[in-house]
A.B. asks: 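Attaching a single structure in structure tokens format; questions to follow.
Order of the sequence lines sets the chain letters (A, B, ...), proteins ahead of strands, with each chain counted from 1.
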There are 2 protein chains.
Amino acid sequence: MQRKVPQSNLYLREEELRRGIELLYFAYRDFTRDPDAILAQSGFGRAHHRVLYFVGRNPGTTVSGLLSLLRITKQSLSRVLGQLVDEDYIIQKTGAEDRRQRLLYLTDKGLTFEKQLFDTQRNRVADAYKRAGPEAVAGFWEVLLNIVDEDERAAVLSQIEK
Amino acid sequence: MQRKVPQSNLYLREEELRRGIELLYFAYRDFTRDPDAILAQSGFGRAHHRVLYFVGRNPGTTVSGLLSLLRITKQSLSRVLGQLVDEDYIIQKTGAEDRRQRLLYLTDKGLTFEKQLFDTQRNRVADAYKRAGPEAVAGFWEVLLNIVDEDERAAVLSQIEK
DNA sequence: CTATTGTGTCAACAAAGCTGCCATAAATAT
DNA sequence: ATATTTATGGCAGCTTTGTTGACACAATAG
């Protein structure tokens, strides 16, 4: 497959902008397909996946830490989080310094399940990276980061570079 | 901002894969923010946006055309489409050859509204393109296309190159 | 002591997926 | 010509996951 490279600044024309918008839509649509299928078998949804993912990535995070990362409301989160705690995927430990906080950790069961979900996306992304090559991957990162809200970029950077 | 370029094939390591997965999540999260805000004012949601967008892009498409593009069920689509027709954003015309079909078109009202939604995403993407430069944009497209399901890539290509 | 913060819970509601069943039009088979 | 099958599209009802707002309580900060 030959790569399409935009000439001069024509890449800012309507056609090229539509291309990015549409690819983002289609890629995201398929990106969530594999984990969604696994989640459905356990009676979970995409929201559970996000919580498992970010708790796995940031062990010991608090509820408000997750809220500001996911940008959803407390109630949405607490419903999903409650289920994951009830079913033993996540454990809450009272904060040592601030005892109001519940620090969140994956249990072994949670770790195993998260890994299973992650692997499907890992394979998909690894495959895409392989086909596209390292230069393309750098561009992919760069554009995505700049699509993020300007005042969120620092937070996202510190998350992804952890 | 200096661009992070992966060295050799280290870009296939876990860290680099997580970076792609997380950027995709955060970028998509913010990518939908502006149109969501406008839609909410009119009592619509993201699903309405997708229908408006793809009908605008593919005037005269049929319901089943939209279904296979969006990969949702008939019912999901028909609720949203029904509202858009009722409120005069979309008009249905009976197909000339196959009179079972309803061909879909944006009305003037629909065109205006779609343009308003599109402009917010256009600005966001144009800005990201500008910051990242044409080479990065090419990589962005390439990786996204390869994240799409392999057996969907032809369909996506024919959509985005229209 | 008082104010603020972190967390949790309840109720009610909305958006947008899903499955199942059914209606109609058109095409096809007998 | 009639009967059956297929394509298309609609309605009812359920589920997930987002929303707002009110409120309670414990713990920390000023």
A.B. asks: How many whole angstroms separate atom CG of Leu81(B) from atom P of dA16(C)?
C.D. replies: 14 Å

A.B. asks: Round to a whole Å and report the spacing from CZ of Arg99(A) to C1' of dT7(C).
C.D. replies: 14 Å

A.B. asks: When the distance from CD1 of Ile72(B) to C1' of dT16(D) is rounded to whole Å, what number comes out?
C.D. replies: 16 Å

A.B. asks: With respect to the side chain of Gln75(A), which nucleotide from dA11(C), dG18(D), dG10(D) is positioned closest?
C.D. replies: dA11(C)

A.B. asks: Can a side-chain donor-acceptor contact be found between Arg102(A) and Thr94(A) if the only test is distance below 3.5 angstrom?
C.D. replies: no

A.B. asks: Would you mind reading off the distance between Gln101(B) atom CD and dA7(D) atom C1', rounded to a whole angstrom?
C.D. replies: 9 Å

A.B. asks: Would you indicate what Gln83(A) reaches in the nucleic acid, counting non-hydrogen atoms under 4.0 angstrom: base, sugar-phosphate, or nothing?
C.D. replies: nothing

A.B. asks: Looking at every strand, decide which applies to Ser64(A) at a 4.0 Å heavy-atom threshold: base, sugar-phosphate, or nothing.
C.D. replies: sugar-phosphate

A.B. asks: For DNA chain D, whose closest nucleotide is more 5', that of Gly45(A) or that of Leu103(B)?
C.D. replies: Leu103(B)

A.B. asks: Can you measure Leu66(B) atom CG to dG17(C) atom C1' for me and round it to whole angstrom units?
C.D. replies: 16 Å

A.B. asks: Strictly below 4.0 Å: does Arg46(B) bring a side-chain N or O up to OP1 or OP2 of dA16(C)?
C.D. replies: no

A.B. asks: Please state whether the phosphate of dG8(C), meaning OP1 or OP2, lies under 4.0 angstrom from any side-chain nitrogen or oxygen of Ser78(A).
C.D. replies: no

A.B. asks: If you check the Thr73(A) side chain, which of dG8(C), dT19(D), dG9(D) turns out closest?
C.D. replies: dT19(D)

A.B. asks: Take the protein atom NZ of Lys74(A) and the nucleotide atom P of dA22(D), then report the distance between them rounded to whole Å.
C.D. replies: 13 Å

A.B. asks: With a 4.0 Å cutoff (strictly under), does any side-chain N or O of Arg71(B) reach OP1 or OP2 of dA16(C)?
C.D. replies: no

A.B. asks: Between the side chains of Glu14(A) and Arg122(B), is the shortest nitrogen-to-carboxylate-oxygen separation below 4.0 Å, so that they form an ion pair?
C.D. replies: yes

A.B. asks: Take Phe54(A) and Tyr25(B) through the test side chain to side chain contact (heavy atoms under 4.5 Å, CB included) and record every step on the way to the result.
C.D. replies: CA-CA 11 Å; Phe54(A) 285 110; Tyr25(B) 169 69; 3.8 Å; yes

A.B. asks: Can you say whether the rings of Tyr89(B) and Phe113(B) are parallel (under 30°), tilted (30 to 60°) or perpendicular (over 60°)?
C.D. replies: tilted

A.B. asks: Angle between ring planes, Tyr53(A) versus His49(A), binned at 30° and 60°: parallel, tilted or perpendicular?
C.D. replies: perpendicular

A.B. asks: Rounded off to whole Å, could you give me the CG-to-P distance for the Leu70(A) and dT19(D) pair?
C.D. replies: 10 Å

A.B. asks: What nucleotide, of dG17(C), dG8(C), dT17(D), holds the atom closest to the side chain of Ala47(A)?
C.D. replies: dT17(D)

A.B. asks: Hey, does Gly65(A) reach any base, or is it just sugar-phosphate, or nothing, if we go heavy atoms under 4.0 Å?
C.D. replies: nothing

A.B. asks: Just N and O in the side chain of His48(A): are any of them under 4.0 Å from OP1 or OP2 of dT17(D)?
C.D. replies: yes

A.B. asks: Heavy atoms only, 4.0 Å cut-off, all strands: where does His49(A) land among base, sugar-phosphate and nothing?
C.D. replies: nothing

A.B. asks: Which part of the nucleic acid does Ser76(A) contact within heavy-atom distance under 4.0 Å: base, sugar-phosphate only, or nothing?
C.D. replies: base

A.B. asks: Using a 4.0 Å heavy-atom cut-off, does Arg79(A) contact any base of the nucleic acid, only the sugar-phosphate backbone, or nothing at all?
C.D. replies: base

A.B. asks: Does Arg100(A) make a side-chain N or O approach to OP1 or OP2 of dT7(C) shorter than 4.0 Å?
C.D. replies: no

A.B. asks: Tell me whether Glu16(A) is salt-bridged to Arg13(A), with the criterion being a basic N under 4.0 Å from an acidic carboxylate O.
C.D. replies: yes

A.B. asks: Round to a whole Å and report the spacing from CZ of Arg102(A) to P of dT5(C).
C.D. replies: 18 Å

